Number of protein chains: 2
Amino acid sequence: MSDVLSIGEISAQTGLSAHTLRFYEQENLFVNPVARDGAGRRVYGSQDVQWLLLATRLRDSGMPLAEIARYAGLVRAGAGNEQERLDLLREHQDHVRAQMERLSASLDAVTAKISLYEIALVDGDPQNPWSDGVQDCVVPAPPVRAGRQQPPHPSRRR
Amino acid sequence: MSDVLSIGEISAQTGLSAHTLRFYEQENLFVNPVARDGAGRRVYGSQDVQWLLLATRLRDSGMPLAEIARYAGLVRAGAGNEQERLDLLREHQDHVRAQMERLSASLDAVTAKISLYEIALVDGDPQNPWSDGVQDCVVPAPPVRAGRQQPPHPSRRR
DNA sequence: ACTTGTCCTCGAGTCCTCTCGAACTCCTAG
DNA sequence: CTAGGAGTTCGAGAGGACTCGAGGACAAGT
């Protein structure tokens with residue numbers, strides 16, 4: 001039960017690049033300090049894979065790396081802070097739910113717009129009110145109140 | 001029907017800061033070039049509000065500004081490219097749906113983890129298998145295949 | 001001996017989306 | 001006339017999450 005994985009192997013298993021893995025380590029995203037072999041190479045275990053899979057889930061659902069690091073820190077600290085971990089997770093759960101609602105509202109707006117275009121195209125109505133395409137922006141009105149909220153962005157695909 | 005809005009007013013109505021509005025203009029996110037008054041000040045109309053509300057929806061659902069700019073460009077170009085607009089929107093629709101699926105999978109994982117902690121806490125089992133908190137990382141396995149996909153990030157709230 | 005492959009460190013660069021500040025112009029009210 | 005508030009431009013900086021590359025080490029295969 002103590003499989004030993006190289007950075008290349010764990011990279012393959014998690015989908016994270018070796019570069020990213022080192023970066024994550026540096027950012028304290030691991031629960032345990034990463035061990036090294038005689039030649040100074042990183043040695044991972046399967047529990048690291050499990051952890052990383054969870055971590056990427058958290059990240060993909062919008063948790064900042066710093067927060068994941070905080071969570072990792074709590075786990076690293078050992079028993080006694082379960083309540084804190086739970087709070088952190090619950091808070092994130094709320095974020096995710098909110099995110100999904102926003103997404104679903106946006107999806108509705110996009111879907112509505114798509115139908116409009118579909119209708120217009122099927123009707124073969126080439127130069128109708130589409131010339132400016134703005135009047136049809138009748139989207140449900142955003143639930144937004146103030147400030148920014150949850151912008152995403154990929155970075156470069158490798 | 002031609003209300004005239006200052007940058008401050010449109011900022012209030014869209015939740016975007018004046019700085020951001022200027023930035024968006026610079027990035028060609030507007031359908032029409034923004035008019036100016038005698039003193040060189042920006043003058044917006046209510047259609048701009050509508051457009052911005054749609055644009056923020058697109059952005060909030062993960063469309064990069066560059067893509068929104070492309071869409072705006074198509075609309076600006078006038079009738080004749082409806083198919084292209086439709087394609088763009090359909091593609092985004094797919095992205096949003098995929099995003100929601102990922103989110104929902106992550107939510108499941110988080111929810112599962114939360115239940116585990118809840119159980120452990122209710123059982124008042126303070127120093128149980130929680131010491132390392134890793135063994136419970138039995139998350140459904142990510143649908144991820146390769147490369148990065150949809151990281152989010154807020155920037156600074158103002 | 002040499003090539004290949006995988007790994008190491010460290011620092012810099014990139015992308016995206018803002019966000020801020022400095023320095024200046026206008027308009028309006030008192 | 002003056003002060004305040006809202007606008008303007010331009011350029012720099014910030015934050016987040018990578019991503020890349022140079023330069024070097026070591027181990028195994030031919």
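Here the structure is a predicted model, which is why all the values come from computation and not from measurement. Each chain gets a letter, A, B and so on, in the order its sequence line appears, and its residues count up from 1.
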Between C:dC7 and A:Arg36, is there an OP1 or OP2 to side-chain N/O distance shorter than 4.0 Å?
no
Atom CD1 of A:Ile10 to atom C1' of C:dC7: distance rounded to whole Å?
15 Å
Could you verify whether a donor N or O on one side chain and an acceptor N or O on the other, from B:Thr111 and A:Gln93, lie under 3.5 Å apart?
yes
DNA chain C nearest-nucleotide lookup for A:Ala39 and B:Leu65: closer to the 5′ end is A:Ala39
Sequence neighbours excluded, which residues qualify as salt bridge (charged side-chain N to carboxylate O under 4.0 Å, His left out) partners of A:Glu9?
none
With distance as the sole criterion, is a donor-acceptor pair present between the side chains of A:Asp60 and B:Ser106 under 3.5 Å?
no
With sequence neighbours excluded, what pairs up with B:Glu101 under the salt bridge (charged side-chain N to carboxylate O under 4.0 Å, His left out) test?
none
From the options B:Asp48, B:Leu29, B:Ile10, select the one residue that forms a side chain to side chain contact (heavy atoms under 4.5 Å, CB included) with B:Leu21.
B:Ile10
Same hydrophobic cluster for A:Leu107 and B:Leu58, using side-chain heavy-atom links shorter than 4.5 Å among ILVMFWY?
no
In whole Å, I'd like the distance from the CD1 atom of B:Ile68 to the C1' atom of C:dC16.
12 Å
D:dT9 C1' sits how many Å from B:Leu21 CG, rounded?
16 Å
Can you measure B:Gln26 atom CD to D:dA12 atom C1' for me and round it to whole angstrom units?
13 Å
Within the structure, does a side-chain N or O atom of B:Tyr24 lie under 4.0 Å from either OP1 or OP2 of C:dT17?
no
How many Å lie between NE2 on B:His19 and C1' on C:dA22, as a whole number?
11 Å
B:Glu27 atom CD is separated from C:dT19 atom P, nearest whole Å, by 14 Å
d(CG, A:Asn28; C1', D:dA17) in whole Å:
16 Å
Do B:Tyr24 and B:Arg59 meet the criterion of a side-chain donor-acceptor pair at a distance under 3.5 Å?
yes
How many Å lie between CZ on B:Phe23 and C1' on D:dA12, as a whole number?
14 Å
Distances under 3.5 Å between nitrogen or oxygen atoms of protein and nucleotides 3-7 of chain D:
unit_1	atom_1	unit_2	atom_2	d
D:dG7	OP1	B:Ser6	OG	2.9
D:dG7	OP1	B:Gly8	N	2.9

